[in-house]
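The structure displayed is predicted, hence computed values, not measured ones.
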Number of protein chains: 4
Amino acid sequence: MRQKKPKFIQIIDAAVIVIAENGYHQAQVSKIAKQAGVADGTIYLYFKNKEDILVSLFQEKMGVFIEKIEEEIKDKTNAADKLYSLIEKHFTLLSEDHQLAVVTQLELRQSNKDLRLRINEVLKGYLNVVDKIIQEGKESGEFRQDLDVRLARQMIFGTIDETVTTWVMNEQKYSLVNQTKKVHDLFVYGFVTPKTS
Amino acid sequence: MRQKKPKFIQIIDAAVIVIAENGYHQAQVSKIAKQAGVADGTIYLYFKNKEDILVSLFQEKMGVFIEKIEEEIKDKTNAADKLYSLIEKHFTLLSEDHQLAVVTQLELRQSNKDLRLRINEVLKGYLNVVDKIIQEGKESGEFRQDLDVRLARQMIFGTIDETVTTWVMNEQKYSLVNQTKKVHDLFVYGFVTPKTS
Amino acid sequence: MRQKKPKFIQIIDAAVIVIAENGYHQAQVSKIAKQAGVADGTIYLYFKNKEDILVSLFQEKMGVFIEKIEEEIKDKTNAADKLYSLIEKHFTLLSEDHQLAVVTQLELRQSNKDLRLRINEVLKGYLNVVDKIIQEGKESGEFRQDLDVRLARQMIFGTIDETVTTWVMNEQKYSLVNQTKKVHDLFVYGFVTPKTS
Amino acid sequence: MRQKKPKFIQIIDAAVIVIAENGYHQAQVSKIAKQAGVADGTIYLYFKNKEDILVSLFQEKMGVFIEKIEEEIKDKTNAADKLYSLIEKHFTLLSEDHQLAVVTQLELRQSNKDLRLRINEVLKGYLNVVDKIIQEGKESGEFRQDLDVRLARQMIFGTIDETVTTWVMNEQKYSLVNQTKKVHDLFVYGFVTPKTS
DNA sequence: AATGAATGAGTCTTCATTCAT
DNA sequence: TATGAATGAAGACTCATTCAT
């Protein structure tokens, strides 16, 4: 017996390692099986096909991601603080798992359109959390009433994503978490009611 | 200056059409050759390999992109206006060429890491334009002195990119150009010196 | 005598159903086990391997087939009548068990050469019955003295088999049993108008 | 250059050899390619997929078969003679090409239902020739007026097929062609002593 | 006797690239 | 320059069989 973890998780973790080390297109099923310490065929007892491994990987990791972020922000009393916690947690979680960062920022993007659409479905959970924060900010008066929620969400997600990707591509040479405040400032100054008129 | 023989352009244009219609992974060299009206082998008289077609495609199209944007902003007198023109031109150019939008926002992202790194090289030209605007804004006092240029650039690029991608994924059902002002507002309110303290 | 434990028969019957419904190449051991209501591994307590299931199926079903035919013809007093009964019983038995007809006429033919050779061994019992009838007909003077027994047997078996296969392929839309007399006439009288009456 | 034959024929001939020597299920595309002296990929320039090789093989060989038989019988003036020629030519052609005999009688039967259905389509050409002979015999008065054409055809085809298969399974130890007259007599006169002389 | 999770060997097909013409 | 027929490497998935319980 090599691992005590259930095989499902065992295989997903193996997939993260193999993809991070070899790249998406060099992550053969047989390599993942070997890394997981199971036979090739065993993979197919737990996953319908290769794509299913990748979608499950994303679901599993993103699920944890969302849970942890929701846990983090639930005690904050205003939208700006929640946003701050979201950014910080997002940066922290990926800083703590470099392999996962490489996989989600660079490798999984190479998947075909079908897979990307299914990944987008999973992402919606995250985007909903963002939407809720923005909405809350508008309702409490913290954020401008004319703030376009969709656009604001696209800015937040686009900026965070681009920031992380740049950091990953620069081989994570600097601290991502340290950028939290600056990124947050960029958002919030844009969101609050301009005092100039 | 790169060669600009008719066939070179002819093949690149064929590649855009084929990729837009069939997707990245179904854009075989033979299909591109057929669309371009040349033999498969002829491709290799103008391009080193398939990757070279895609990089050249990006260089060629992005080169025009940058030229047009620079042309557009050169008469503007302040950074905020330049930023506005950049966003508007970016949105306009992709709205006018749906196939190119699909190719750059969705399809080319599926390329492998090496290709994406080379594409990023090309992108740097665009990012430099953005950087210059931000820098200028700081120097003129329009923007905050403590504005982090790299972060601001990541926000601008990340947001624009995410906005266009969402629009493409929604099958371009709404006007992209109409969102210019709102996007610009998000940036500028975040960039200017906050009046609250 | 082979073992006749309930599960042995149970598994063979399950195999007939699964093969008839799914086709030879889609009749996996696990499907047969499920249909039989036993675990996959249980199959291997009663059969050496998958091929053994199929050979046993054929032996079991063909054994009954031969017994019933011998029972039917044993009271007939001449070769022509025996031949008539054999054809009629053959047609009747398969008409009464459509699934078995599909399995023996279409599906089991897809088995590999080795399996087919073993099936042919089983078939020899049937062919011996035919041979005996022909021989008897020659000895009694009913049939020509120069009748080649092997050829006659091949004709009888080949014709019956082809007739049944055509009927199965036509989805058993017409009565097979009703063709008995005509087939019998073809054997006994051939194509030309019989001069005896 | 290894062969002057067009590649299409070259590959089909290679398939016959490989299947005859290795059996249907051991006839990998790569083996056929090697036997044909071409690369694996070249196969797919001439055939849609593996099944297409086998169907084409059958079409090609059966086409020649039918042509030669039609050539042979066209000068005969009565149905019985035509039938004789058909049997003789059928036996002769397969006797002259033992490999083809093995492939059509034993190996191709292992193909799945879809392939067999497509093969049956090809066979219809042959069966039509048989039908025409029987019909002609009825019209000229040579054969009984109440002869069932379909049944007669099933008998002829079933008998010939069974005869050839038995001969192939017996490793072609005796002369097939020598059996022509006896088989013909069985069809025309049946089992009883012919009263005509 | 019975279970069922785990095993791992085996193959068709695609497509970027070459090179003789 | 231009052609296009030929190349050949590479990988996801199935399923009969085993064996620890």
**Item:** Along DNA chain E (nearest heavy atom to each residue), the more 5'-positioned of B/Tyr44 and C/Gly37
**Value:**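 First, find each residue's nearest nucleotide; the 5'-ward one identifies C/Gly37.
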**Prompt:** Which comes earlier along DNA chain E counting from the 5' end, the contact point of A/Lys7 or that of D/Lys48, where each point is its nearest nucleotide?
**Reply:**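 Of the two residues, A/Lys7 wins.
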Which of these nucleotides, [options], is closest to any side-chain atom of [X]?
{"X": "B/Val29", "options": "E/dT17, E/dC12, F/dC13", "result": "E/dT17"}
{"X": "C/Asp40", "options": "E/dT3, F/dA5, F/dT17", "result": "F/dT17"}
{"X": "B/Leu45", "options": "F/dA12, F/dT3, E/dT11", "result": "F/dT3"}
{"X": "B/Ala39", "options": "F/dT3, E/dT3, E/dA16", "result": "F/dT3"}
{"X": "A/Gln26", "options": "F/dT3, F/dG11, E/dA6", "result": "F/dG11"}

**Prompt:** If you measure only the distance, is there a donor-acceptor pair under 3.5 Å linking the side chains of C/Asp161 and C/Gln105?
**Reply:**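 C/Asp161 vs C/Gln105: donor-acceptor pair found between side chains.
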**Message:** Under a plain distance cut-off of 3.5 Å, with no hydrogens placed, do D/Lys31 and D/Gln28 share a side-chain donor-acceptor pair?
**Reply:**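 Indeed, the side chains of D/Gln28 and D/Lys31 share at least one donor-acceptor pair under 3.5 Å.
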**Request:** Using atom NZ of B/Lys50 as one end and atom C1' of E/dC15 as the other, report the distance to the nearest whole Å.
**Result:**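 Roughly 8 Å, once rounded to whole Å.
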**Asked** Does B/Ser30 make a side-chain N or O approach to OP1 or OP2 of E/dC15 shorter than 4.0 Å?
**Response**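 The answer is no; no side-chain N or O of B/Ser30 sits under 4.0 Å from OP1 or OP2.
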**Prompt:** With sugar-phosphate meaning primed atoms plus P, OP1 and OP2, does D/Tyr46 contact a base, only sugar-phosphate, or nothing at under 4.0 Å between heavy atoms?
**Reply:**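 The residue D/Tyr46 makes sugar-phosphate contact but no base contact.
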**Message:** I need the minimum non-hydrogen distance between C/Val103 and C/Ala20, along with the two atoms involved.
**Reply:**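 For C/Val103 versus C/Ala20, the nearest heavy atoms are CG2-N, 3.8 Å.
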**Message:** Just to be sure I understand: a Watson-Crick pair is purine N1 to pyrimidine N3 plus N6-O4 or O6-N4, both under 3.5 Å. Using that and G-U wobbles, which stems of three or more pairs involve DNA chain E?
**Reply:**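 Paired runs of 3+ in DNA chain E: E:2-21 with F:2-21.
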**Message:** Would the distance check show the side chain of D/Lys50 and the main-chain N or O of D/Ala27 forming a donor-acceptor pair, the cut-off being under 3.5 Å?
**Reply:**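 Such a contact is found between D/Lys50 side chain and D/Ala27 backbone.
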**Message:** Between A/Arg118 (side chain only) and A/Val55 (backbone N and O only), is there a donor and an acceptor less than 3.5 Å apart?
**Reply:**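 No: the side chain of A/Arg118 does not pair with the backbone of A/Val55.
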